[in-house]
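What follows is a set of notes on a single structure, which appears directly below.
This chain uses plain numbering: 1 for the first residue, then up along the sequence. Counting starts at 1 for both ligands and their atoms, in listed order.
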Amino acid sequence: MSILLWFRNDLRTHDNPALHHFLNNSSSEKPRKAVFFISEKQWQLHDWSPIKIDFIKRHAQALVAELAAINIELELIEAPYFTDQIAYLAQYCQHHNIETVYANSELEFNEQQRDQNCVAQGIPLTLFEADVIVPKGKVLNQSGSMFKVFTPFKNAWLKQVRHAGFDYLGKITAPSLQTTSQNKKSTETASLSSTWPLAAKYEADVLSTFLQVKLSQYADLRDIPSVKGTSGISPYLAAGVISPRYVLTLLLNRNPDLLLATDSKEFSWLNELIWREFYRNLMFHEQRLCKHFCFKEKYQHIKWPNNQQAFSAWCQGKTGYPLVDAAMLQLKQTGWMHNRLRMVVASFLTKHLLIDWRLGEKYFMQHLIDGDLASNNGGWQWAASTGCDAQPYFRIFNPIRQSERFDPNGEFIRKYLPELKSIPDKHIHFPHKYIAQNKMNIYVQPIVEHKTARLNALAFYK
Ligand SMILES: Cc1cc2nc3c(=O)[nH]c(=O)nc-3n(C[C@H](O)[C@H](O)[C@H](O)COP(=O)(O)OP(=O)(O)OC[C@H]3O[C@@H](n4cnc5c(N)ncnc54)[C@H](O)[C@@H]3O)c2cc1C
C-alpha cells in the first residue's frame, strides 16, 4: 500500500499508533515518507507562544534524524495555515497515488474541522488516538454521559485501566524511546526553549530522577514553588513528544500496585495525570469549550469590568502583591509557572481584579511552553468558578496567606523580585508597611486592597 504518515501533535517514535500502523502496512522496499507541517500563522491564531513553537521545531528536527535511521524520510513543510496543509496533501496524494494518510487525531475544534475538510477533499485520512491513556469518550457515568465531577471520573477511569489491564498499555509500540537516545548528546545551538532538553534527554536525566527520588516526596513538595518538587513534564505532554501511556507504564513498572494504592503518596502524581485526562475528556464532550464558552452557562453573560490598567499591571508583575508578581515574572522569564502559582494568579485576576478569565487564558497560552487548550481552559475555568468541578465562587485565595503558606521564607519571591531581597521574612509577603516605615522606594503600591476586593468579588459573582 502506498501510505503517507502525517505527524502532528505526536512528534515521537514511542507509543505512536499512526507510526506503528505505518511501519506494519507500508513496504520497506520503497522510500517511506512522512510529513510535518510548520504552520506558524495558524499556531499564532491559536496563541501558541514563541517558546512552545521553538520547542516543537527542535523536536521536529530531531525526529527527522531519528526516522532517517529507520528509513523514513520526514519532510518538514512550511504551510502557514491549515488550509495550506490541506492543499499540499490533496496534491501530494493525487500525484503519488496515496491510498491512506495515517495520523493521530487531535482534540481541538479547528484541528477537527481541518480533518473533516481533508476528507471532504478526498484525502484518505485514517486516524488513531495517542494523546490520552484511556481513549476519550470511554469513561462515562451510569447514564452514559461525561462525569461533571473529577473524583467519580477518576474512580471510573481507574476501573477502566485496571480492567482493561494492559490492553491500553500492552499496545505501547516500538520503536521505543530508547531510539531517541541518539539525541542525548545533542549538539543543538542555544534557542528560546533550550533550557528544556529534548524529550529523550529529559527522560534520561530528569524524569528518571523524578521517578526514583522525588516521586515519594511529591505530595509534600508539589505546592512549594521555591523547590523543584514537580516533574516538569508538562511541555513534553503538551507537545506530544512524550506519551502519557508511556509515562503510566514507567509508573507501573516501578509500582505495579499503584492503581490500587490511591491513598499512597506516589499516587498523588498519577492523580494529576488523571486531571489531564479529565480536561481532555471534557473538551471532547463539550467542544464549545474550545470556543472559550463558560462551562457553566449561567456565567456566560457576566459583564467583566476588565480594567485595562489592572490587566497590564498583572501581566507585568506589578500588582504590589509579591507572590503574584514573582509568579508572573517566572512566566515571562522562563515560559513556565508552578501550578500553585497558576492557581493564585488566576484567582487574583478573576476575583481581585474582576477581569475576564479568557484574557488570562489567552495571556497564559501566549507565554507558556506547555500551553495546552484543554488543561489551560480547565485551569482557568476552575479558578474563575465558571468551570466543571470548579472551586465555588466564594472561595477567594488570599494572596498574602498563600504566600505565607507556600513560600514561607520568601525564597521564591526574592528570586524573581530581587529588589525585595533586604525585606525581612516576616514582611516579605506584603512589604508595604515596612517599606514606608523605612522610607524605601523599591516596590509598587498594591493595585487593590485584599479585603475590599474580596467583598467586591462576592457581590459581583452573586
Ligand atoms: C490557570 C491554570 C492554567 C493551566 N494551564 C496549563 C496548560 O496550559 N498546560 C498544562 O499542561 N497544564 C496547565 N495547568 C495545569 C498545571 O499547572 C501544569 O500542568 C503543571 O504546573 C505542570 O508542571 P509539571 O509538569 O511539573 O506538573 P506535575 O505536578 O509534575 O504533574 C504532572 C502532569 O500532570 C498534569 N497536570 C498537573 N496538574 C494538572 C492540572 N491542574 N490540570 C491538568 N493537568 C495537570 C500535567 O500534564 C503535568 O505535567 C494549568 C493550571 C492552572 C491552574
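Between F364 and R342 there is a side-chain heavy-atom pair separated by less than 4.5 Å. Residues P244 and L273 form no side-chain contact, since every pair of their non-hydrogen atoms from C-beta on lies 4.5 Å or further apart. Using a 4.5 Å heavy-atom threshold, the side chains of W157 and F278 count as separate. With a 4.5 Å cut-off on side-chain heavy atoms, D407 and E411 count as touching. Residues E266 and R254 are in side-chain contact: their nearest non-hydrogen atoms beyond the backbone lie under 4.5 Å apart. Taking 4.5 Å as the limit, some side-chain heavy atom of V247 sits within range of a side-chain heavy atom of I233.
Contact annotation: W269 has at least one heavy atom less than 4.0 Å from an atom of ligand 1. The shell of residues lying under 4.0 angstrom from ligand 1, judged by heavy atoms, excludes F210. Residue contact annotation: M343 has a non-hydrogen atom under 4.0 Å from ligand 1.
Relative orientation of the W43 and W48 rings is parallel, given thresholds of 30° and 60° on the angle between their planes. Between H21 and F128, the two ring planes are parallel [angle under 30°; tilted spans 30° to 60°]. Ring planes of Y393 and Y461: parallel class, angle under 30° (limits at 30 and 60°).
Under the ring pair (Phe, Tyr, Trp, His ring centres under 6.0 Å) rule, Y321 has a single partner from F348, Y443, F397, which is F348.
Judged by distance alone, with hydrogens and angles left aside, the side-chain atoms of R454 form no donor-acceptor pair with the main-chain N or O of E449 at under 3.5 Å. When atom types are taken as modelled, the side chain of H20 and the backbone of N16 share no donor-acceptor pair closer than 3.5 angstrom.
The atoms of ligand 1 that sit less than 4.0 Å from any heavy atom of S234 are 11 (O), 22 (C), 23 (O), 25 (O), 49 (O). Residue I233 has at least one heavy-atom neighbour below 4.0 Å for each of these atoms of ligand 1: 25 (O), 49 (O). The distance from ligand 1 to the heavy atoms of R276 drops below 4.0 Å at these ligand atoms: 43 (C), 44 (N), 47 (O). Using a 4.0 Å cut-off to heavy atoms of L273, the atoms of ligand 1 that qualify are 33 (C), 34 (O). For ligand 1, the atoms lying closer than 4.0 Å to a non-hydrogen atom of L368 are 8 (O). Listed by atom number, the atoms of ligand 1 under 4.0 Å from Y218 heavy atoms are 28 (P), 29 (O), 31 (O). The distance from ligand 1 to the heavy atoms of G371 drops below 4.0 Å at these ligand atoms: 8 (O).
By the criterion of a heavy-atom distance under 4.0 Å, neither the backbone nor the side chain of W382 is placed next to ligand 1. Neither the backbone nor the side chain of F278 has any atom closer than 4.0 Å to an atom of ligand 1 (non-hydrogen atoms only). At a 4.0 Å heavy-atom cut-off, ligand 1 touches L237 through the side chain alone. Residue S231 touches ligand 1 through backbone and side chain together, judged by heavy-atom distances below 4.0 Å.
At a distance under 4.0 Å, a protein heavy atom can be found next to atom 39 (C) of ligand 1.
In terms of polar-atom proximity, defined here as any N/O pair under 3.5 Å, G232 does make such a contact with ligand 1. An N or O contact shorter than 3.5 Å links N376 to ligand 1 by distance. Among the atoms of F364, none of the N or O lies under 3.5 angstrom from an N or O of ligand 1. At a 3.5 angstrom cut-off on N or O pairs, H338 does not count as close to ligand 1.
Between F150 and W275, a ring centre-to-centre spacing shorter than 6.0 Å is recorded.
Scanning the protein heavy atoms around atom 50 (C) of ligand 1, the nearest turns out to be R342 CD, 3.7 Å. In this structure, atom 8 (O) of ligand 1 lies nearest to the protein heavy atom D372 N, 3.1 Å. Closest protein heavy atom to atom 41 (N) of ligand 1: N339 OD1, 4.0 Å. Counting protein heavy atoms only, atom 42 (N) of ligand 1 is closest to Y279 CE1, 3.5 Å. The shortest contact between atom 36 (N) of ligand 1 and any protein heavy atom is with E272 O, 3.4 Å.
We find that D356 and R358 are joined by a salt bridge, their nearest charged nitrogen and carboxylate oxygen being less than 4.0 Å apart.
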